[in-house]
Amino acid sequence: MRPDILPLERSNQFCRENNLSVPILLSPMAGACPPALSIAVGKAGGMGACGVLLMEPEAIGEWMREFRSACRGPVMLNNWIPDPVPVPDPLREAAVRNFLERFGPKIPDGIEQKQPPDFAEQCEAMLNARPDVISSIMGLFKPGFVKRIKEAGVKWYATVTTVGEAVEAAAAGADVVIAQGMEAGGHRGAFDAENASERMVGLTSLVPGVVDAVDVPVVAAGGIADGRGVAASLALGASGVQIGTGFLRCPEAGIPTAWADAIGLARPEDTIGTRAFSGRYGRSLRTTYAEHANRPNSPNPSPYPIQRALTQSMRDDANRTGDIGRIQAWAGQSAGLAQAGSPAELIGDIWPEAQRILGC
Ligand SMILES: Cc1cc2nc3c(=O)[nH]c(=O)nc-3n(C[C@H](O)[C@H](O)[C@H](O)COP(=O)(O)O)c2cc1C
């Protein structure tokens with residue numbers, strides 16, 4: 001990081017280079033990022049985002065058409081880098097099934113074999129949709145795809161959770177690194193799934209560590225939901241911020257009311273790290289299910305995507321009935337700061353407050 005440059009000069013430069021009016025990016029949130037949310041963030045001067053993890057290629061194109069029909073602003077498409085294919089473990093899966101059927105309906109036979117959408121086809125669809133940014137999490141894109149992203153004039157933002165991962169990402173050609181602190185809601189983007197819960201680095205240590213280690217701009221993510229968090233992140237050396245949970249109470253996010261309401265009531269200690277929803281470690285509200293599943297005598301979750309398939313019936317039932325005890329209620333540690341207004345109102349509060357704190 002250039003030591004002589006002030007936080008607001010740095011974020012202004014980032015805004016100019018990325019066609020933004022405010023250095024605020026919506027988090028790509030698979031399953032919780034309808035076009036309406038990105039359109040509203042884009043119209044307020046930030047960057048829209050879509051996590052395509054669960055989407056078939058046609059749906060990715062459709063999402064982008066809907067976004068572009070209403071907003072010319074910058075937008076990011078994001079995908080998970082797949083983990084190695086897990087080895088089935090029938091005994092463990094049976095134990096998980098028994099446990100889950102205490103919380104939800106009967107789990108259909110053979111659901112463990114359900115495959116997620118094809119990663120390579122999703123990547124083609126992301127390129128064809130011509131976003132401004134393609135971002136990665138849980139690892140890095142292969143060099144061939146990175147080359148194609150760049151040839152298409154698209155930027156690659158790589159999510160990292162450690163300084164080591166940031167150095168790898170910059171060496172692989174990332175234009176920007178997104179430093180995801182342990183405060184973050186949703187899945188933790190550790191490159192190695194096994195390490196995700198052990199290497200928990202908070203944003204106050206991660207951002208300066210990453211900024212000092214790489215030459216590309218750094219976007220801070222995790223537990224940022226008001227002007228104080230934005231100002232602190234920029235003061236630590238970030239060029240911009242990514243906010244997820246902080247936008248989930250906006251009506252445009254369209255999440256179940258029980259989840260949105262619980263976010264507003266959560267204190268930092270009311271979230272929990274767990275693999276019990278998907279098999280990949282992530283941060284959710286401390287719900288009845290997550291709390292029980294994390295107990296030492298509960299069965300070890302299966303790896304992603306087997307665990308995700310096994311919990312589908314319970315999650316669907318919970319969403320249908322609005323039962324917060326079983327909803328996959330991802331949330332970051334600053335959930336309680338999330339406001340229920342529109343994205344324009346939120347950004348209209350957050351950014352002036354950050355500028356004021358930074359002395360502008
Ligand atoms: C509901 C939800 C879904 C998420 N899905 C994704 C995803 O698909 N891809 C991704 O890179 N990050 C995902 N994340 C993590 C965010 O990108 C980001 O790191 C996080 O929202 C920042 O923390 P915050 O929620 O405290 O603002 C998700 C987060 C949430 C809350």
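These figures come from a predicted structure and were not determined experimentally. In each ligand, atom 1 is the first atom listed, and ligand 1 is the first ligand listed.
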> Who's the nearest protein heavy-atom neighbour of atom 4 (C) of ligand 1, and how far?
Replying inline: Met29 CA, 3.4 Å
> Does a donor on one side chain and an acceptor on the other come within less than 3.5 Å for Arg10 and Ser239?
Replying inline: no
> Do Asp132 and Tyr157 get their side chains close enough for a donor-acceptor pair, meaning under 3.5 Å?
Replying inline: no
>> Which of the numbered atoms in ligand 1 are under 4.0 angstrom from any heavy atom belonging to Gly332?
In response: 26 (O)
> Salt bridge or not for Arg92 and Glu112, using N-O below 4.0 Å?
Replying inline: no
> Got a salt bridge between Asp83 and Arg280, using NZ or NE/NH1/NH2 to carboxylate O under 4.0 Å?
Replying inline: yes
> So if you build clusters from Ile, Leu, Val, Met, Phe, Trp, Tyr with side-chain heavy-atom gaps below 4.5 Å, do Ile224 and Met47 land together?
Replying inline: no
> At what distance is the nearest protein heavy atom to atom 9 (N) of ligand 1, and which residue and atom is it?
Replying inline: Asn78 OD1, 2.8 Å
>> Nearest non-hydrogen contact with atom 7 (C) of ligand 1 belongs to which option: Cys50, Gly51, Pro28, Gly246?
In response: Pro28
>> Please report whether ligand 1 has a polar contact with Ile137, defined as an N or O pair separated by less than 3.5 Å (distance criterion only).
In response: no
> Among protein heavy atoms, which sits nearest to atom 25 (O) of ligand 1, and what does the distance come to when rounded to 0.1 Å?
Replying inline: Thr245 OG1, 2.6 Å
> Taking atom types as modelled and ignoring hydrogens, do the side chains of Asp316 and Gln312 form a donor-acceptor contact shorter than 3.5 angstrom?
Replying inline: yes
> Can you tell me the protein heavy atom closest to atom 19 (O) of ligand 1 and the distance?
Replying inline: Gln180 NE2, 3.0 Å
>> Whether the Glu9 and Gln13 side chains hold a donor-acceptor pair (N or O, under 3.5 Å, no angle test) is what I'd like checked.
In response: no
>> How far is atom 26 (O) of ligand 1 from the closest protein heavy atom, and which atom is that?
In response: Gly223 N, 2.9 Å
> When you measure from atom 27 (O) of ligand 1 to every protein heavy atom, which one gives the shortest distance, and what is it?
Replying inline: Gly244 N, 2.9 Å
>> Can you report which non-hydrogen protein atom sits closest to atom 22 (C) of ligand 1, along with the distance?
In response: Gly222 N, 3.5 Å
>> Quick check: Ser27 and ligand 1, any N/O pair under 3.5 Å apart?
In response: yes
> Is the Phe141 ring parallel, tilted or perpendicular to the Trp156 ring (thresholds 30°, 60°)?
Replying inline: tilted
> Under 4.5 Å between side-chain heavy atoms, hopping through other hydrophobics if needed: is there a path connecting Phe277 to Tyr304?
Replying inline: no
> For atom 31 (C) of ligand 1, which of Gly185, Cys33, Ser135 has the closest heavy atom?
Replying inline: Gly185
> Would you say Thr159 and ligand 1 have an N/O pair spaced under 3.5 Å apart?
Replying inline: no
